[in-house]
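Taking it in order: structure first as structure tokens, then the write-up.
In this text the structure is predicted, and so the values were computed from the model without any measurement. All ligand and atom numbering here is 1-based and tracks the order in the structure. Position 1 is the first residue of the sequence, and the numbers go up from there.
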Amino acid sequence: MLPRKVSKEFIEGLPKSELHVHLEGTLEPELKLKLAKKNNIDIGQSTIEDVEATYHYTSLASFLAVYYPGMNVLQTESDFYELAMAYLKKAHEQGVVHTEMFFDPQAHIIRGVPLNYVINGFYQACVDARAFGIDAQLIMCFLRDMSARSAMDLLNAAQPYHNKILGICLDSYEHHNPPLKFMQPFSLAVEQGYHITMHADVDQIDSIEHIKQALEIINVERLDHGTNIVENKDLVDWVNQLHLGLTSCPLSNELITDNDLKGDEILDLLDIGVKVSINSDDPAYFGGYIADNYWALASEYKVTPEQIVQLAKNSIETSWISKEQKQLYLEQIDKYVEEYDG
Ligand code: HPA
Ligand code: ZN
């Protein structure tokens, strides 16, 4: 039975899917230090406290300035494997049954790390995680502050790994890097059979124009973040009518804006039927995994158990799995609620 009030424990046990998590953003300070030592990389910090002291952001740009240098510790295929495995275990503990995880190959290739280390390491973790009941898939990102040519090169280089990659995304620094810059690589990605999504980070300069391009010209299947659509009724109607997913990340929103989880926007959109979901984005950097994000929303806003369940159902419905698989997960959610005794 549904509980009268939302609790962290109810959230943690609720079967859910995570659709917006950057594997490089799951690099916890402990693992960062361990890999730095193993690979002889000077990251400028030697204790967890030192590492955490660098985690101060007031904008997307200031977050990315911490996020990219942290990746230097990832050098071997087993480093990528260990990183993904650590995330998948955590996600499993927090009720994740299916996840579609972003990764940023260009950020590794420019450091001289071969693409096969990245993809094979991450993919092997996806395979091994099946043993503990998570279905994990990979979404390859183009960095929008690099060129469209570089994105095309990556798409071509990834061709031999096509069967290990479910979709393509656009992330990184948004200002002056509109979706249209990547028209060509996204068209080709669709031709090649990939699913496509794009970041529309919260409160960016030109947010609405970028969202219009992503929805109306590139024809993305989901929008990552994207809650700025509330500023434009036509965009809300568009997203609602096409049942497009919006992958929102409350703790990320809080840290890169002026303390705003965007809970009002998330709940308003949920209320009118938009398929918004809750996700962790970069959990090692933003202070919490998926259940912590649901809980942040539930504890700071008026959120009912029904709304929490709807958010979890949205995460399944807007995932890129088969209709049959979706049905199975939705039934798991109903069964969990039915049998819940708390
Ligand atoms: N936005 C853009 N780029 C990113 C993000 C994000 O939330 N996380 C990691 N790279
Ligand atoms: Zn993101």
Side-chain angles (χ1 to χ4, degrees), residues 17-28 32 54-72 74 83-84 87 91 99-110 118 122 138-146 150-151 154 167-179 181-182 196-207 210-211 214 220-228 245-257 260-262 265-266 276-290 292-293 296 315 318:
S17 159
E18 175 143 66
L19 306 177
H20 187 157
V21 58
H22 301 259
L23 279 170
E24 293 88 348
T26 69
L27 180 59
E28 289 288 346
K32 196 186 267 186
T54 66
Y55 290 8
H56 286 297
Y57 342 101
T58 50
S59 64
L60 178 59
S62 58
F63 159 67
L64 294 172
V66 179
Y67 171 73
Y68 287 117
M71 295 182 197
N72 288 340
L74 298 164
L83 176 64
Y87 160 71
T99 176
E100 296 171 11
M101 311 175 295
F102 299 135
F103 68 112
D104 287 331
Q106 286 153 300
H108 308 301
I109 293 168
I110 51 172
V118 183
F122 283 154
L138 295 171
I139 300 177
M140 184 169 84
C141 296
F142 299 143
L143 299 186
R144 68 200 305 163
D145 40 3
M146 292 184 72
S150 171
L154 174 61
I168 302 291
C169 178
L170 186 67
D171 69 356
S172 200
Y173 188 59
E174 186 165 330
H175 188 35
H176 291 316
N177 295 303
K181 176 178 162 189
F182 297 92
I196 56 166
T197 183
M198 279 185 181
H199 274 57
D201 277 274
V202 292
D203 297 348
Q204 297 297 295
I205 296 167
D206 301 325
S207 271
H210 288 184
I211 292 172
V220 290
E221 296 162 72
R222 288 200 297 252
L223 260 189
D224 301 308
H225 302 294
T227 42
N228 286 83
L246 241 56
T247 63
S248 198
C249 311
L251 291 173
S252 161
N253 295 343
E254 183 179 35
L255 283 177
I256 71 159
T257 65
D260 185 351
L261 278 82
K262 301 288 174 192
E265 288 82 346
I266 292 168
V276 60
S277 62
I278 298 298
N279 306 268
S280 68
D281 206 1
D282 300 281
Y285 291 90
F286 293 139
Y289 286 77
I290 189 165
D292 308 305
N293 275 270
S315 76
T318 57

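Using a distance-only test at 3.5 Å, with no hydrogens or angles considered, no donor-acceptor pair links the side chain of Thr197 to the main chain of Cys169. Listed for the Asp171 side chain is no donor-acceptor partner under 3.5 Å among the backbone atoms of His199. In terms of modelled atom types and a separation under 3.5 Å, the side chain of Lys32 and the main chain of Gly70 share no donor-acceptor contact. Of the possible polar contacts, one joining the Asn177 side chain to the His175 backbone as a donor-acceptor pair under 3.5 Å is found. Not one N or O on the side chain of Glu254 forms a donor-acceptor pair closer than 3.5 Å with the backbone of Ser252. Asp104 places no side-chain N or O within 3.5 Å of a backbone atom of Gln106 that could act as its donor or acceptor partner. Without hydrogens or angle criteria, Ser315 side chain to Ser17 main chain gives a donor-acceptor distance under 3.5 Å.
Closest to atom 7 (O) of ligand 1 among all protein heavy atoms lies Asp281 OD2, 2.8 Å. In this structure, atom 3 (N) of ligand 1 lies nearest to the protein heavy atom Ser172 N, 2.8 Å. Ranking the protein heavy atoms by distance from atom 5 (C) of ligand 1 puts His22 NE2, 3.5 Å first.
Ligand-side atoms of ligand 1 in range of Asp282: 5 (C), 8 (N), 9 (C), range being under 4.0 angstrom from any heavy atom. Ligand-side atoms of ligand 1 in range of His225: 7 (O), range being under 4.0 angstrom from any heavy atom. Near Asp201, meaning under 4.0 Å from any of its heavy atoms, are these atoms of ligand 1: 1 (N), 2 (C), 6 (C), 7 (O). The contact set between ligand 1 and Asp171, taken as ligand atoms under 4.0 Å from a residue heavy atom, comprises 3 (N), 10 (N). Within ligand 1, counting atoms from 1 as listed, the ones closer than 4.0 Å to a heavy atom of Leu60 are 1 (N), 2 (C). In summary, the atoms of ligand 1 found under 4.0 Å from a heavy atom of Phe63, numbered by their order in the structure, are 8 (N), 9 (C).
A donor atom on one side chain and an acceptor atom on the other are found under 3.5 Å apart for Asp224 and Thr247. Asp260 and Asn253 share no side-chain donor-acceptor pair at under 3.5 Å.
Listed by chain and number, the residues in a side-chain hydrogen bond (donor to acceptor under 3.5 Å, both in side chains) with Glu265 amount to none (sequence neighbours excluded).
Within the 4.0 Å heavy-atom shell around ligand 1 one finds Leu64. Between Ser252 and ligand 1 there is no heavy-atom distance shorter than 4.0 Å. Within the structure, ligand 1 lacks Glu24 among the residues with a heavy atom less than 4.0 angstrom away. Contact analysis leaves Phe102 out of contact with ligand 1, as no non-hydrogen atom separation drops below 4.0 angstrom.
The distance cut-off of 2.8 Å around the Zn ion (ligand 2) captures these protein N, O or S atoms, sorted by chain and number: His20 NE2, His22 NE2, His199 NE2, Asp281 OD1.
Between His20 and ligand 1, a contact under 3.5 Å exists for no N or O pair.
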Do Ile256 and Phe286 pass the side-chain contact (heavy atoms from CB on, under 4.5 Å) test, and can you show the C-alpha distance, the side-chain angles, and the key distance before you say yes or no?
CA-CA 9 Å; Ile256 71 159; Phe286 293 139; 4.1 Å; yes
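Aromatic ring centres of Tyr285 and His22 lie farther apart than the 6.0 Å criterion allows.
Note that CG of Leu143 is 8.5 Å distant from CZ of Phe182, once rounded to the nearest 0.5 Å.
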